[in-house]
*Asks:* 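Following this message is one structure expressed as structure tokens.
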Amino acid sequence: MVSVHGWVIPRSRRSEPPFFTKNQIISVLEQVGTLLQLDGANPFRVRAYENASRSLSSHEDNLWETVQEGTLIEIKGIGKGIAGLIDEAMNEGTWGDLDSLYQKVPKGLIEMLGVPGLGPKRIKQFHDELGIESIAELRSAAEEGALANLPRMGKKMEERILEGIDLLARFTGRRRLDIGLLYGEAFERRISSISGVQRAQLAGSARRRKESIGDLDIVAAVENEDIEKVTDAILSIPGIAEIKGAGDSKISLILESTIFEEAFSNSTIDEGVLAALGGEAWEELESNSTIDAQVRLVPPHVFAYTMAYFTGSKEHNVRMRQRALDMGLRLNEFGLFPLDGLGDAKGLEAAANGMPAMDETEIYEHLQMKWVPPEMREDMGEIEAALSDNLPSLIEPYQVKGALHNHTTASDGSASLSEMAEAAMALGWEYLGIADHSEVLNIGGRSIGVPQHLVKKQGNEIREMNDKWSTEGTDFRILHGSECDILADGKLDYPDSIRREFSHVVGSVHAIRSWRNRDEIENTEILIKAIEDPTFTILGHPTGRIIGGREGFPLDMHAVLRRMGELNSDGVLKACEINASPYRLDLDWRLCKFAKSQGVPIVINPDAHFKKGLKDVWFGVQMARKGWLEEQDVLNCLPGSVIEERMMEGK
DNA sequence: GCCGTTTTCGGCCCGACTGTTTTCAGTCG
């Protein structure tokens, strides 16, 4: 459901400029786009606001400085109008005439956008003609049959809206990447095994490894004469909760977790993904858990084009089509065609005259570009990099040699030191960093941190184990760190003398509530103060977000990373974690490239609380890939013998 | 509202599906 929470124009709490932060500006611009749609504005004007919001969020420089320099309009997508708006907001603390727009559009209309089949046009029509301002009013109007009499409406639309309202209540929100991939892999395998399907592959945000997945897209290559047979077979796959629609080229479904039973017993799931998922995520699925899925059926010779198209992202595709147009070509899900001589041929008919492509590499070659890995297709600079042959060589899961943030029974983990070490060795790792919680941490009134007097005991155990491996000639070691709480005032838990004994200190915020009650500027200052402590090594789950659960606390992460970069250039090691738990995936991948540009090393940490949790590193690697990171950018790609030294040097 | 070797106006990515119509508008991805 589109949450209505937060749909008010922000008021500044500050007494001097800048009155608003970059994140506040970005969110207002995005909301204005939506509000304008509901107000019936010119769709291109709507897109201008959406584009401005997007381009600002990938703009890495300090926005306040840009405003002061007067160079706002040099940012692509920001012209005179929006630049004036941003200038006014930051300098004066006012939003021009946007107040009236926020006032004008009833909040219930925003919620209605979440109803499948309802868009801004119909919502506006209902509002203008019938005075409908909320989902509740919409439901009763539909039940009374009041909607069917409107122009271009009818009984069927009315029913669809009622179903849509129910659906919205039942199947709300997106799925975490791990859950989405479980469904996606299972569904892909089932479709691949249908006779008549020549190839089938998962596309969409799952293939791009987004941290959360709205619905699954699967492309299947099927000859024309097999379409009917294959469609019937797909519709009879067990695990389908509902069929939403089925045409010649597209099938829309809702899947439920019963799809897994046979898929798992046949071990048909991709081994790499299954290993990463460890089966844990599946066991946790509720029986009423569902996910939307679309299957596209296309002739084999256009499969690559359709894969590229439905892998997205939408923004990447727009840029690709623009690139094609620049070369006098048209690109769509069926092929790439010269614009002249295309005539009236559309869709598949036109594909006969298109440029052939056996795989995606050839599509990019036709456009004189290097193939872009799916994870990078977000229009975050990959188009330019692919055109100039400057794409990074992305990190691979096998390049990770250990991890630095994991727990044992000494705090809230469920496995002992030696059990965790064995599991790490089984993964082929050369080291395991243990970072149990510090003393202060208690969750639900129960203290789970390691008290001061037990820190030394843990250190002794680790030393004994390391000595044993060393005499045996085993290339494995445990690094004795701590996940040390960053207190609300920016101080670190434990006395200095204890912190200095650890090989590394992962500083993490756990008392999220007090950080959420402060503003971005204050939080940023306090967090930077904590990072500057000489014993501080790694920033753990920087914003505290839980995917699908809660937003992180307000923070200017660019400013934090800039400061960490300065400290690194002074020779002090300050690394930033990508917490690899699929619940967190924090640092956000969108910030990885910036961290790299500032010279901040990244550590991919599973934050494992049990043996299988170590495998979550796989998800962290996916995020690092989305963030353009290479092997040398990631600290825990260093071999065991080197990483100890690196941490000593960095103090 | 933004943008511009076609720069101050007239474009702005493209197609399938659905339900409403009898040629098309709205929605979705």
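In what follows, chains are A, B, ... by sequence order, proteins preceding strands, each numbered from 1.
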*Asks:* Describe the nucleic acid contact of A:Y49 in one word from base, sugar-phosphate, nothing, applying a heavy-atom distance below 4.0 Å.
*Replies:* sugar-phosphate
*Asks:* Checking all strands, does A:M153 fall into the base, sugar-phosphate, or nothing category for heavy-atom contacts under 4.0 angstrom?
*Replies:*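 A:M153: backbone/sugar contact only, no base atoms under 4.0 Å.
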*Asks:* Rounding to the closest angstrom, what is the interatomic distance between B:dC2 and B:dT8 at atom C1'?
*Replies:*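 It comes out at 13 Å once rounded to the nearest Å.
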*Asks:* Closer to the 5' end of DNA chain B via nearest nucleotide, is it A:S249 or A:I73?
*Replies:* A:I73
*Asks:* Determine the interatomic distance between P on B:dT22 and the same-named atom on B:dG15; round to the nearest Å.
*Replies:* 26 Å
*Asks:* B:dT23 and B:dG29: how far apart are their C1' atoms, nearest whole angstrom?
*Replies:*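 So the two C1' atoms sit 24 Å from each other.
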*Asks:* Mind checking if A:N42 touches a base, just sugar-phosphate, or nothing, with heavy atoms under 4.0 Å?
*Replies:* base
*Asks:* Side-chain contact test, heavy atoms from C-beta onward, threshold under 4.5 Å: evaluate it for A:L181 versus A:D178 and give yes or no.
*Replies:*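 Result no, sub-4.5 Å side-chain heavy-atom pair not found.
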*Asks:* Could you measure between the two C1' atoms, the one in B:dC9 and the one in B:dC14, and give it in whole Å?
*Replies:* 24 Å
*Asks:* Select base, sugar-phosphate, or nothing to describe what A:K156 touches, counting heavy atoms under 4.0 Å on all strands.
*Replies:* sugar-phosphate
*Asks:* Any side-chain N or O of A:R152 under 4.0 Å from OP1/OP2 of B:dT20?
*Replies:*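 Checking B:dT20 against A:R152, no side-chain N or O comes under 4.0 Å of OP1 or OP2.
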*Asks:* What nucleic acid atoms does A:R122 come within less than 4.0 Å of, heavy atoms only: base, sugar-phosphate, or nothing?
*Replies:* sugar-phosphate
*Asks:* For a quick check under 3.5 Å, do A:W95 and A:E88 share a side-chain donor-acceptor pair by atom type?
*Replies:*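 A:E88 and A:W95 do not have a side-chain donor-acceptor pair below 3.5 Å.
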*Asks:* Does this structure show an ion pair linking A:E384 with A:R319, if we count only N-O contacts that are shorter than 4.0 Å?
*Replies:*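 Salt bridge present between A:E384 and A:R319.
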*Asks:* Under 4.0 angstrom, heavy atoms only, what part of the nucleic acid is A:A246 near: base, sugar-phosphate, or nothing?
*Replies:*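 It contacts sugar-phosphate atoms only.
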*Asks:* Are A:T290 and A:E242 packed together at the side-chain level, in the sense that at least one heavy-atom pair is separated by less than 4.5 angstrom?
*Replies:*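 No; the side chains remain at least 4.5 Å from each other.
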*Asks:* What distance, rounded to whole Å, do you find between the two P atoms, one in B:dA16 and one in B:dT21?
*Replies:*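 Nearest-Å result for B:dA16 against B:dT21 at atom P: 23 Å.
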*Asks:* Report yes if the side chains of A:K229 and A:D226 come closer than 4.5 Å at any heavy-atom pair, otherwise no.
*Replies:* yes
*Asks:* Just N and O in the side chain of A:S252: are any of them under 4.0 Å from OP1 or OP2 of B:dC17?
*Replies:* no
*Asks:* What is the nucleic acid contact for A:P151, judged by heavy atoms within less than 4.0 Å: base, sugar-phosphate only, or nothing?
*Replies:*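 It contacts nothing in the nucleic acid.
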*Asks:* With a non-hydrogen cut-off below 4.0 angstrom, is A:K244 in contact with a base, only sugar-phosphate, or nothing?
*Replies:* nothing
